[in-house]
Amino acid sequence: MKSINWPTILVIAVLALFPAVVPSDYYRHIFIIALMWVVIGSAWNLLAGYTGQVSFGHAIFFGTGAYTAGLCVTKLEISAWWGMLLGGPVALVVGLLIGWICFRLRGPYFALATIAVGEIFRLIATVWRDFTEGMEGILIIQTFRSKIPYYYLALFLAALCITVIYLVTRSKWGFYFVAIREDQDAAESMGISAFRYKSLSLMISSFFTGLAGAFYMNYMGFIDPQVVFSLHYISIMAILVGIIGGVGTIWGPPVGAFIMVLLQETFRSSFFGLLPKWISEAHILVFGLLVIFVIRYMANGIIGDWSKIQRLWSKDRELLSASGRN
Amino acid sequence: MLRVERVNAGYGDIQVLWDVSFHVAEREFVVLVGANGAGKSTIMRTISSMIQPISGQIWFEDQRLDHVPPYRITNVGISHVPEGRQLFPEMTVLENLELGSLAPRAKDHRKETLAWVLELFPRLRERQKQLAGTLSGGEQQMCAIARGLMSRPKMMLFDEPSLGLSPLLTQEIFRLAMKIHSEGVTILMVEQNVKQTLTICDRAYVLENGRIVLEGKGRELLEDEQVKQAFLGI
């Protein structure tokens with residue numbers, strides 16, 4: 001395979017060795033969350049970036065996966081780890097039902113519908129207290145006290161998700177997805193059932209997002225509707241991860257995930273306690289500025305416009321060396 | 001081969017086609033002419049099932065086409081070259097062509113069809129690795145026609161193939177349509193370029209405000225006073 005090249009191996013090696021080299025649980029935690037966002041961002045990107053169906057409701061699948069794992073404990077009285085098996089499939093079924101309704105709409109109308117459905121899910125999880133415990137949320141005892149098992153599980157999930165999405169985009173399905181993104185009517189007149197392939201893309205996307213949700217429940221040990229069904233913490237964050245990294249590229253969301261999580265953490269901790277506390281309030285503002293910057297100067301994201309960035313860099317150096325000669 | 005029977009169709013509350021009936025026989029070259037907004041593209045979109053008719057029937061050979069989902073239309077042997085090309089701009093020319101041959105019938109012959117199509121369009125052979133969005137207007141139209149041919153259609157629908165092309169390229173496109181016709185493909189074309197299309201077609205229908213008002217052999221219509229006045233400005 002041509003795709004397994006040295007940078008990829010290097011990245012995998014660095015990530016695999018990271019917890020051994022960095023003993024701090026704090027940094028391990030940040031990397032675990034970043035790896036989880038690699039999964040969600042990549043899953044969102046398959047639907048939005050490759051198939052052209054921009055979802056503002058990925059919290060639906062994340063929350064469904066997380067609650068599937070949580071309800072395993074509170075209702076079925078089995079381990080939340082069963083959620084790792086069930087979370088994906090349950091989210092997939094939810095995705096299928098939502099697609100059945102929302103894929104009647106196109107473009108911005110589809111996006112608006114996903115916002116609405118996302119809020120419906122959040123409200124149901126809040127109000128249906130007999131089933132979900134409502135705002136009190138679900139608290140479980142984590143299996144491991146060490147971060148290391150969670151770290152490698154998250155790394156495995158991220159690698160699995162990227163590999164599957166890579167293979168899908170190189171397959172016949174991937175071409176159908178892109179054809180639908182480029183022109184749905186033309187794709188249909190080529191004999192591609194837009195509804196069927198959009199549903200397929202959504203199913204893969206919701207499966208991985210649900211898996212990430214189930215992982216979150218197991219790792220954090222606590223969920224409530226305001227966090228896992230959140231429009232801005234989950235749905236919007238998934239979009240930002242995709243846009244910053246590069247929509248419609250394999251490596252865009254992984255890069256976007258690390259940038260967004262590190263940035264969020266830097267601000268949340270007021271630059272690791274170096275700056276006054278009010279700075280932490282500014283993180284949403286900075287996200288906004290970052291999005292404006294990326295859309296204005298790198299509309300295809302960091303990975304999508306990588307050649308542009310490289311050109312800029314080499315041009316700078318040429319200029320520097322030219323001025324040095326003078 | 002294709003029979004459109006008393007079709008009424010439109011968008012939402014706005015009815016565009018009123019009681020439209022016409023037919024295309026096998027191996028015929030038929031043209032629908034009419035002014036802007038006469039309903040030409042709506043007819044094409046109704047045949048390829050992108051719009052469901054309010055009433056009336058559409059038959060192709062022995063199959064009823066209205067209420068068949070649009071992605072099935074190519075399987076029956078109809079290929080629609082849509083208005084404004086509608087290529088997949090971020091894919092290469094070759095990928096665009098390959099997507100044209102998804103119907104099971106066409107898939108088995110993909111290699112031969114591709115060779116035949118590239119022979120017909122040598123320009124596309126040179127540019128097969130190029131992204132379709134970077135082609136010139138004329139090349140894009142050729143690519144759209146070539147993509148349509150990839151499904152090995154019995155019948156091709158051309159929706160304003162001359163749109164946005166220079167007179168020279170327009171002639172080139174019409175020549176290609178005639179070539180395709182001579183290879184045994186039935187053609188239904190919608191055009192505003194009345195004079196040229198009436199010269200090359202077998203039969204034509206004149207559409208006005210969503211109704212068919214005239215029918216005849218292409219050359220006869222060219223001599224028709226009404227057509228002369230309305231379209232040719234003589």
Side-chain angles (χ1 to χ4, degrees), chain A residues 2 45-54 99-100 103-107 109 168-201 242 246-250 252 298-301 303-308, chain B residues 41 44-51 65 68-92 94-107 110 131-133 140 143-153 155-159:
Chain A
K2 260 188 286 176
N45 183 43
L46 181 71
L47 183 68
Y50 284 97
T51 322
Q53 311 301 309
V54 177
W100 182 61
F103 281 144
R104 285 151 205 273
L105 305 168
R106 288 192 187 188
Y109 301 102
V168 166
T169 56
R170 293 306 180 272
S171 74
K172 193 175 79 178
W173 290 358
F175 276 87
Y176 293 0
F177 293 168
V178 174
I180 290 168
R181 176 190 76 192
E182 305 271 286
D183 195 318
Q184 184 174 328
D185 288 337
E188 289 242 324
S189 64
M190 299 294 105
I192 299 168
S193 163
F195 180 74
R196 182 183 309 156
Y197 286 98
K198 285 196 285 191
S199 300
L200 201 60
S201 173
V247 167
T249 62
I250 292 289
M298 306 183 271
N300 302 313
I303 294 295
D305 276 332
W306 186 243
S307 55
K308 206 160 139 189
Chain B
S41 293
M44 294 306 221
R45 293 172 66 84
T46 315
I47 295 172
S48 58
S49 225
M50 293 194 199
I51 308 171
L65 288 193
V68 164
Y71 64 91
R72 291 260 172 80
I73 295 294
T74 160
N75 291 351
V76 305
I78 295 182
S79 164
H80 185 177
V81 181
E83 186 178 3
R85 278 76 96 167
Q86 296 199 343
L87 294 173
F88 306 115
E90 301 273 320
M91 292 188 184
T92 66
L94 199 61
E95 285 165 351
N96 265 280
L97 296 183
E98 277 173 357
L99 275 171
S101 60
L102 297 179
R105 209 161 34 84
K107 216 175 212 168
R110 184 178 281 171
L131 291 186
Q140 285 193 13
C143 189
I145 296 171
R147 187 180 64 181
L149 279 174
M150 286 297 293
S151 67
R152 297 235 149 187
M155 176 169 183
M156 269 184 112
L157 311 178
F158 285 94
D159 198 346

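Sequence lines set the chain letters: A, B, ... in the order given, protein chains first and strands last, and positions in each chain run from 1. Keep in mind that what you see is a predicted model, and the values were worked out from it rather than measured. Atoms considered below: every heavy atom in the structure, side chains included; atoms not considered: hydrogens, waters and symmetry mates.
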Between [X] and chain A, with a heavy-atom cut-off of 4.5 Å, which part of the residue counts as in contact: side chain, backbone, both or neither?
| X | value |
| --- | --- |
| B:L99 | both |
| B:E98 | neither |
| B:P70 | both |
| B:P89 | both |
| B:M91 | both |

Worksheet item: Do A:R104's NZ or CZ and the ring of A:W100 fall within the cation-pi criteria of under 6.0 Å and 45°?
Response: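 Yes; both conditions hold, so A:R104 lies above the ring face of A:W100.
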Worksheet item: Is the cationic atom of B:R147 (NZ for Lys, CZ for Arg) positioned less than 6.0 Å from the six-membered ring centroid of B:F88 and within 45 degrees of its normal?
Response: yes
Discussion item. When you measure from the side chain of A:D305 to the backbone of A:K308, do you find a donor-acceptor pair of N or O atoms at a distance under 3.5 Å?
Written reply: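 No; zero donor-acceptor contacts below 3.5 Å.
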Practice prompt. Would you confirm whether B:E95, through its side chain, and B:T92, through its main-chain N or O, come within 3.5 Å as a donor-acceptor pair?
Written response: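 At least one qualifying donor-acceptor pair exists.
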Worksheet entry | Considering all heavy atoms, the nearest B:E83-B:S41 contact | OE1-OG, 2.9 Å
